[in-house]
Amino acid sequence: MNDLEPMPASYPVDRAQSVPRRRSTFSRTYRGLITHHLAPGPDVNERERERRRRVRQDESLRLIDDLTNRPLDPIYLDSNLATHRDTALSKWSMRILCFLVCIGVGFLGSLFVQQLHSDPRREVRASLASQLETSQSNVDTLSGQINDLRSKVEDQSDRLDVTGSSETVLNDEMASGLVKVTGEGITLTASNPIAAANDGANGALPRESAGSHLRVITDGDLQLLVSLLWQSGAEAISINGHRLGAQTSIRTAGGAILVGLDAVSSPYRIEAIGNSGDLSASVGRKRLGALYDAYQDAGITLQVKESKGLTLEAAVVGDLNYARRAE
């Protein structure tokens, strides 16, 4: 008991001299009170006045006593005197409001989660793929019209027996890809891994995979194979039916490989006219063993087939606007 801290000193106040509790003007029961002031008491004698004077001399002790024993404000105590009763209408209104707020928050949350799970890039890919297919069909149509017009021009030239249709000019046109050619050669087929081919079904780009990146055939691989065929004596080459001419390039645009302006996809069928034995040996496993092993580890397949008769269409050649024949 001795370890407990002593209670602070308190100075009791006589009931006759205690501070009256007055209700504030904003109280609900203010209007129902009969009086708001302390009734005047009887006169006190001189001794009582002296005692009150002595008490007022030490106002600091009274302030500490009030803060310690009576910390609550009288107006705050007065606000708790009146009872606040909520009506049934206010209760049900608050419940309905809370219910509507919960429904709104849940609906917005479900929309947000659904938006997070959706993949907006898939729709963009599908739209771009449809635009690419439309553009490709238009290019194919225009290429066919150009070939028809070129054949008509050749027929008219043959009828008129123009000097430009000599054997030398014809050989130059065949070498540059301006005319349709036929002859023996090989067909080299390169195919991407099966996993990379399946990615295109869900709208993904051909060079993307759902998980880790896959090793697929690039424009550099096609350029390497074509260069080996040119080096081995190929006289005419086409990729997936698109003839390589003097102005034809093999490049990557976005996620597709373009041969000139035409998009090609796996399997890539490279047809080359020339000595079938030499061409087959230039791209065979015996000469390109390391390349075949790297392709096999990545799942890429290469197949070479010799053919006695291949027919390659003419290449699409652009118009000449600045070049002129030198005298």
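As the structure is a computational prediction, the values presented were derived from the model and not from experiment.
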J.: Can you give me the closest heavy-atom contact between Ala190 and Ile217, atom names plus distance?
T.: CB-CD1, 3.4 Å
J.: Of the non-hydrogen atoms in Leu312 and Lys180, which two are nearest, and what is the gap between them?
T.: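 That closest heavy-atom pairing would be O-CG, 3.3 Å.
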J.: Judged by atom type as modelled, is there a donor-acceptor pair below 3.5 Å linking the side chain of Ser151 to the main-chain atoms of Asp148?
T.: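 A pair under 3.5 Å: yes.
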J.: Could you check whether any side-chain heavy atom of Val181 comes within less than 4.5 Å of a side-chain heavy atom of Arg243, counting everything from C-beta outward?
T.: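 Yes - at least one pair of side-chain heavy atoms lies under 4.5 Å apart.
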J.: Side-chain contact test, heavy atoms from C-beta onward, threshold under 4.5 Å: evaluate it for Arg287 versus Ser282 and give yes or no.
T.: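 Side chain of Arg287 against side chain of Ser282, heavy atoms only: contact under 4.5 Å found.
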J.: When rounded to the nearest 0.5 angstrom, what is the spacing between OG in Ser127 and CG in Leu132?
T.: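 Rounded to the nearest 0.5 Å, the OG-CG separation comes to 11.0 Å.
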J.: Which pairs count as salt bridge (charged side-chain N to carboxylate O under 4.0 Å, His left out) when at least one residue sits in residues 95-109, sequence neighbours excluded?
T.: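 Qualifying pairs: none.
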J.: Can you measure from CD1 (Ile237) to CG (Leu310) and round to the nearest 0.5 angstrom?
T.: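 Answer for the CD1-CG pair, Ile237 versus Leu310, is 11.5 Å.
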J.: Go through the structure and list residues passing side chain to side chain donor-acceptor pair (under 3.5 Å) with Tyr295, not counting sequence neighbours.
T.: Asp221
J.: Do Ile186 and Val283 have side chains that approach each other closer than 4.5 Å (heavy atoms only, starting at C-beta)?
T.: yes
J.: With a 6.0 Å cut-off (strictly less than), is the heavy-atom count around CG of Leu261, excluding the residue itself, greater than 12?
T.: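 Count not over threshold, so no.
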J.: Which heavy atom in Pro267 sits nearest to a heavy atom in Thr189, and how many Å separate them?
T.: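 Closest approach of Pro267 to Thr189: CB-CG2, 4.1 Å.
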J.: With rounding to the nearest 0.5 Å, note down the distance linking OG1 in Thr301 to OH in Tyr292.
T.: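 Going from the OG1 atom of Thr301 to the OH atom of Tyr292 covers 10.0 Å.
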J.: List the atom pairs, with distances to 0.1 Å, where a side-chain N or O of residues 270-279 and a protein N or O form a donor-acceptor pair under 3.5 Å, not counting sequence neighbours.
T.:
residue: Glu271; atom: OE1; partner: Ser238; partner atom: OG; Å: 3.3
residue: Asn275; atom: OD1; partner: Gly277; partner atom: N; Å: 3.0
residue: Asn275; atom: OD1; partner: Asp278; partner atom: N; Å: 3.2
residue: Ser276; atom: OG; partner: Glu184; partner atom: OE1; Å: 3.1

J.: Main chain of Ser265, side chain of Asn240: is a donor-acceptor contact present, judged purely on distance under 3.5 Å?
T.: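 Here the side-chain-to-backbone pair exists.
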J.: Hey, any chance Val226 and Val304 share a hydrophobic cluster, counting ILVMFWY side chains that come within less than 4.5 Å of each other, even indirectly?
T.: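 In one cluster: yes.
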J.: Distance check, rounded to the nearest 0.5 Å: Glu313 atom CD versus Thr182 atom OG1?
T.: 10.5 Å
J.: Does the side chain of Gln131 reach to within under 4.5 Å of the side chain of Thr134, using non-hydrogen atoms?
T.: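 Answer no - side chains too far apart.
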J.: Is there a path from Leu258 to Ile239 through hydrophobic residues (I, L, V, M, F, W, Y) whose side chains come within less than 4.5 Å of each other?
T.: no
J.: Say whether, by atom type as modelled, one donor and one acceptor occur between the side chain of Ser266 and the main chain of Asn192 under 3.5 angstrom.
T.: yes
J.: Find the distance between CG (Leu229) and CG (Leu224) and round it off to the nearest 0.5 Å.
T.: 9.5 Å
J.: Indicate the atoms forming the closest heavy-atom contact of Leu225 with Leu291, along with that distance.
T.: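 So the minimum-distance heavy-atom pair works out to CD2-CD2, 4.4 Å.
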J.: Measuring from Lys91:NZ to Ile96:CD1, what's the distance to the nearest 0.5 Å?
T.: 14.5 Å
J.: Taking Val259 as the starting point, is it possible to reach Val139 by hopping between hydrophobic residues whose side chains are less than 4.5 Å apart?
T.: no
J.: Same cluster for Leu288 and Tyr268 if Ile/Leu/Val/Met/Phe/Trp/Tyr side chains link at under 4.5 Å?
T.: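 Yes, Leu288 and Tyr268 fall within the same hydrophobic cluster.
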J.: Flag the pair Arg285 / Asp293 as yes when at least one side-chain heavy-atom distance between them is below 4.5 Å, and no otherwise.
T.: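 Yes - at least one pair of side-chain heavy atoms lies under 4.5 Å apart.
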